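What follows is one structure encoded as structure tokens, with my remarks underneath.
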Amino acid sequence: MPKAATAESRLERLCAERGMRMTGQRRTIAKVLSEAEDHPDVEEVYRRASARDVRISLSTVYRTVRLFEGAGILERHDFGEGRARYEPTGIGHHDHLINVKTGEVMEFRNEQIERLQESVARELGFRLIGHRLELFGVRLKDAK
């Protein structure tokens, strides 16, 4: 799911709503995250942000990502690679399929899976209030 062009203004608005001081470097990092169509880790966010502003340090990116995550603006994912990857929150519910050979992450939504999860929760006496589904696999053509 490519991120909408409005994601940048939404990210910055969320920062402002939470009373964050938005420095130029934080704005650059927010823009990089808003424009990402993948799920970058901190190192990749740093690479993209420092290409726009050479004054941005890796430690600034780490601090800013932690700040955004703590404020509920970013969602952290662990796709089993030993590094956290990020995406903006509030872009609509979706699940992830991770190619363990390439690290590619595909976002998807499947109504059958959604109904099944609701049904399982009900059968066990629960009302589902949220979930995360991450599937790990290899493309059939690459599975040899």
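Side-chain atoms are counted along with the backbone in the values below, which use heavy atoms only and exclude waters and symmetry mates. We count residues from 1, following the sequence as given. Just so we're clear, the structure is a prediction, and the values are computed from it rather than from any experiment.
Every residue two or more places apart in sequence or in another chain was checked for a salt bridge (charged side-chain N to carboxylate O under 4.0 Å, His left out) with R115, and none qualifies. The side chain to side chain donor-acceptor pair (under 3.5 Å) search around T60 returns S57, R63, not counting sequence neighbours. For E111, the side chain to side chain donor-acceptor pair (under 3.5 Å) partners are R109, not counting sequence neighbours. For T28, the side chain to side chain contact (heavy atoms under 4.5 Å, CB included) partners at least two apart in sequence or on another chain are A49, R52, I56. Not a single salt bridge (charged side-chain N to carboxylate O under 4.0 Å, His left out) links E118 to another residue, sequence neighbours left out. Listed by chain and number, the residues in a side chain to side chain donor-acceptor pair (under 3.5 Å) with Q117 are H131 (sequence neighbours excluded). Remark: L124 pairs with V120, F126 by the side chain to side chain contact (heavy atoms under 4.5 Å, CB included) rule, at least two apart or across chains. Taking A51 as the reference, nothing meets the side chain to side chain contact (heavy atoms under 4.5 Å, CB included) condition, with sequence neighbours excluded. Residues satisfying the side chain to side chain contact (heavy atoms under 4.5 Å, CB included) test with E123, not counting sequence neighbours, are S119. With sequence neighbours left out, H77 forms a side chain to side chain donor-acceptor pair (under 3.5 Å) with E87.
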As a quick check of understanding, evaluate side chain to side chain contact (heavy atoms under 4.5 Å, CB included) for T89 and L74, giving each step before the final call. CA-CA 5 Å; T89 57; L74 280 185; 5.6 Å; no

Is there a side chain to side chain contact (heavy atoms under 4.5 Å, CB included) between V65 and Y86 once you walk through the steps? CA-CA 9 Å; V65 165; Y86 298 89; 3.4 Å; yes

Between E107 and H96, does the side chain to side chain contact (heavy atoms under 4.5 Å, CB included) criterion hold? Intermediate values first, please. CA-CA 5 Å; E107 296 177 347; H96 297 97; 3.8 Å; yes

List the steps and the verdict of salt bridge (Lys or Arg N to Asp or Glu O under 4.0 Å) for R139 and E104. CA-CA 10 Å; R139 288 193 183 277; E104 174 190 17; 3.2 Å; yes

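If you chain together hydrophobic residues whose side chains sit under 4.5 Å apart, L116 and L128 never meet in one group.
Interatomic distance, CG of L97 versus CZ of F136, reported as 9.5 Å (0.5 Å rounding). In this structure, OG1 on T64 lies 12.5 Å from CZ on R27, to the nearest 0.5 angstrom.
Taking the side chain as every heavy atom from C-beta outward, D95 and N110 never approach each other to under 4.5 Å. Contact of the V138 side chain with the N99 side chain is registered, since non-hydrogen atoms from C-beta on lie closer than 4.5 Å. By the 4.5 Å heavy-atom criterion applied to side chains, I29 and V61 are counted as neighbours. Looking at heavy atoms from C-beta onward, L67 lies out of side-chain contact with I73 at the 4.5 angstrom threshold.
Using a cutoff of 4.0 Å between basic side-chain nitrogens and carboxylate oxygens, R47 and E43 are not scored as salt-bridged. Salt bridge D53/K31: absent, no basic N to carboxylate O contact under 4.0 Å.
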Check residues 14-23 and write down every donor-acceptor pair under 3.5 Å in which the side-chain atom is one partner and the other belongs to a residue at least two apart or another chain.
| unit_1 | atom_1 | unit_2 | atom_2 | d |
| --- | --- | --- | --- | --- |
| R18 | NE | A71 | O | 2.5 |
| R18 | NH1 | L14 | O | 3.4 |
| T23 | OG1 | R26 | N | 3.1 |

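Within the structure, the salt bridge (Lys or Arg N to Asp or Glu O under 4.0 Å) test picks out the following pairs touching residues 126-135 (sequence neighbours left out): E75-R132.
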